[in-house]
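If you read the sequence from its start, that first residue is 1, and numbering goes on from there. Any value given below was found using the heavy atoms of this structure, including those in side chains, with hydrogens, waters and symmetry copies removed.
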Amino acid sequence: MLYTRQNQNCAETLSSAGSRYLNVTKKTTLIVHGYRPTGSPPIWIQQAVHLLLSVEDMNIIIVDWNRGATTLLYHRASSNTKKVAEFLKTLIDQMLADGASLDSVYMIGISLGAHISGFVGQLYNGKLGRITGLDPAGPLFNGKPPEERLDPTDAQFVDVIHSDIDGSQYFKCDHQRSVFLFLSSLKESCNITAYPCNTYRDYRNSKCASCEAFQPMPCPVLGYYADKWKSYLILKNPPVTKVFFDTSDEEPFCLHHYLVDIIIWNKTVRRGSLIIKLTDQAGNTAESTINHEVATFQQYNQTSVLAGFDQDFEKIARISLAFSTGSVIGPKHKLRILQMRLRSITNPERPHLCRYDLVLLENTEIIFKPIPCENMQT
């Protein structure tokens, strides 16, 4: 089913008889849905069409393989994926014969559709322009060789959003969340920043907040515009980059990230978590929504804590901190802070904010007014 800016409310069914609207000199985006056990059409298709056409004049082909995807037997739907890929090759071959370029072919595949996109890419020896995989299906594909699943070599640029923490439970909302994260990126109301890191644990422990490798650009963003970082990413050896990110629980899903650097002067090590709140000049307050692992604070050593807020305050009037060891018994600990520094990762050009000589009593919030760090004397 073809949509363009000329027929964005009523699809044209592509056939061998030709097309009234298809313009092969433009970019062509194929959207391939996934496993549909109930047979219901994806609710997000029309939104995807309108958002994509709003950002770029292109051809959008919705690949309807619902008859092959609708079954309570997942393995049966899985076995149909290569058949769909072969059919799509026939379609793309005709487009190429009419003057299209593989460089301008972009496939967006959801769940099983991500692997279909990979199989199409393999049929063209990885020369498709781009494939985006939205939570590629795990069951029957995890651990398989590259030719049996979506692989980084299946297109000139392959980006994947993994949002499902438990692939065995298909109906969990996190499986579909990847689709809505991608759609949100098209609205550009705010960007979801993704941080290159070896492991999720390292990311949680604030070890991967540097974006120096991409200067003068910031860290990559999730979704449609991720290919702006293509030239940086494909030069890596191997040319595969894992990135991690956090989201808020509601659209537009993005968080505004800060690093909170803490230097303590306690003689003994302190382990615990920080709760961080920001307040702007109008009195609006935002609390960090990232659940950190327990941080370790040592005398005169800087500990950095990653904090994400669902609101962005250009001018911060007050900061509040609370320290907790998580223990409900035993002595209440103090965290004696020699220096606290708040620095924005999302907007690194903003001045760093500092405060010196704070004492945090466990589970007790302290509120203070920060000032630009260059005005502080060490």
Side-chain angles (χ1 to χ4, degrees), residues 1 3 8-9 29-56 58 60-66 69 106-117 130-139 150 158-195 200 203 219-229 242-257 289-291 308-312 346:
M1 298 183 293
Y3 293 90
Q8 58 182 305
N9 295 313
T29 299
L30 295 93
I31 301 177
V32 192
H33 66 76
Y35 179 43
R36 308 298 304 172
T38 64
S40 60
I43 60 173
W44 44 264
I45 288 290
Q46 283 300 321
Q47 185 183 11
V49 168
H50 286 287
L51 286 172
L52 284 164
L53 289 175
S54 72
V55 299
E56 193 167 345
M58 65 175 85
I60 299 177
I61 298 174
I62 305 298
V63 180
D64 180 1
W65 66 289
N66 221 9
Y106 175 27
M107 297 193 70
I108 303 171
I110 299 90
S111 187
L112 288 178
H115 297 295
I116 291 173
S117 303
R130 180 182 176 187
I131 294 174
T132 294
L134 300 179
D135 219 41
L150 175 62
V158 178
D159 58 304
V160 174
I161 300 175
H162 293 287
S163 63
D164 189 1
I165 60 172
D166 187 351
S168 63
Q169 298 187 38
Y170 177 81
F171 288 101
K172 289 186 68 170
C173 66
D174 50 4
H175 186 58
Q176 292 293 322
R177 179 55 62 93
S178 60
V179 176
F180 297 107
L181 294 177
F182 181 84
L183 295 180
S184 180
S185 75
L186 290 162
K187 299 177 183 179
E188 295 187 87
S189 53
C190 65
N191 293 322
I192 298 175
T193 302
Y195 298 95
Y200 187 58
Y203 167 70
C219 274
V221 300
L222 206 69
Y224 185 72
Y225 295 101
D227 63 343
K228 289 184 178 180
W229 283 263
K242 284 194 296 185
V243 297
F244 296 91
F245 59 94
D246 288 281
T247 68
S248 61
D249 57 358
E250 295 179 351
E251 207 173 353
F253 303 116
C254 57
L255 294 177
H256 305 277
H257 288 90
T289 57
I290 296 180
N291 297 317
F309 302 88
D310 59 8
Q311 298 180 68
D312 182 31
T346 308

K.L.:
Does any part of the side chain of S163, heavy atoms only, come nearer than 4.5 Å to the side chain of Q176, both counted from C-beta?
P.N.:
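No, every pair of side-chain atoms sits at 4.5 Å or beyond.
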K.L.:
Hey, is the main chain of Y224 close enough, under 3.5 Å, to the side chain of S185 for a donor-acceptor pair?
P.N.:
yes
K.L.:
When you measure from the side chain of T346 to the backbone N and O of H257, does any donor-acceptor pair fall under 3.5 Å?
P.N.:
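Answer holds: yes.
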K.L.:
Taking only Lys NZ, Arg NE, NH1 and NH2, and the carboxylate oxygens of Asp or Glu, determine whether D135 and R177 approach each other closer than 4.0 Å.
P.N.:
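Not counted as a salt bridge, because no side-chain N and carboxylate O are separated by less than 4.0 Å.
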K.L.:
Let me see the working for I43 and I45 under side-chain contact (heavy atoms from CB on, under 4.5 Å), right down to the final yes or no.
P.N.:
CA-CA 6 Å; I43 60 173; I45 288 290; over 6 Å; no
K.L.:
Say whether, by atom type as modelled, one donor and one acceptor occur between the side chain of H115 and the main chain of L150 under 3.5 angstrom.
P.N.:
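Pair found, side chain donor or acceptor close to backbone of L150.
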K.L.:
Starting at NE2 of H50, measure out to CG of L183 and round the result to the nearest 0.5 Å.
P.N.:
12.5 Å
K.L.:
Where the side chain of N191 meets the backbone of T193, is there a donor-acceptor pair that is under 3.5 Å apart?
P.N.:
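No; judged by distance alone, with no hydrogens or angles, the pair does not exist.
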K.L.:
Would a 4.5 Å heavy-atom cut-off, applied to side chains only, mark I116 and W65 as touching?
P.N.:
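Yes, at least one pair of side-chain atoms sits under 4.5 Å.
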K.L.:
Consider only side-chain N and O atoms of H256 and Q311, and report whether a donor and an acceptor are under 3.5 Å apart.
P.N.:
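Their side chains do not contain a donor-acceptor pair, so the 3.5 Å distance test is not met.
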K.L.:
Treating S248 as the side-chain partner and E250 as the backbone partner, does any N or O pair qualify as donor plus acceptor under 3.5 Å?
P.N.:
yes
K.L.:
Any side-chain heavy atom of I108 within less than 4.5 Å of one from S117?
P.N.:
no
K.L.:
Between H33 and V63, is there a side-chain heavy-atom distance shorter than 4.5 Å?
P.N.:
no
K.L.:
What closest approach, in Å, do Q8 and L53 show between heavy atoms, and which atom pair accounts for it?
P.N.:
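Minimum heavy-atom separation between Q8 and L53: CB-CD1, 3.4 Å.
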K.L.:
Minimum heavy-atom separation for L134 and A114, please, with both atom names.
P.N.:
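Smallest interatomic distance, heavy atoms only, reads N-CB, 4.4 Å.
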K.L.:
Applying ring-ring contact (aromatic ring centres under 6.0 Å, His included), run through Y195 and F244 and close with a yes or a no.
P.N.:
CA-CA 5 Å; Y195 298 95; F244 296 91; over 10 Å; no
K.L.:
Go through the structure and list residues passing side-chain hydrogen bond (donor to acceptor under 3.5 Å, both in side chains) with Y106, not counting sequence neighbours.
P.N.:
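Applying side-chain hydrogen bond (donor to acceptor under 3.5 Å, both in side chains) to Y106 gives T132.
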K.L.:
Has the side chain of S184 got a donor or acceptor atom that lies under 3.5 Å from a matching backbone atom of L181?
P.N.:
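No, S184 side chain to L181 backbone: no donor-acceptor pair under 3.5 Å.
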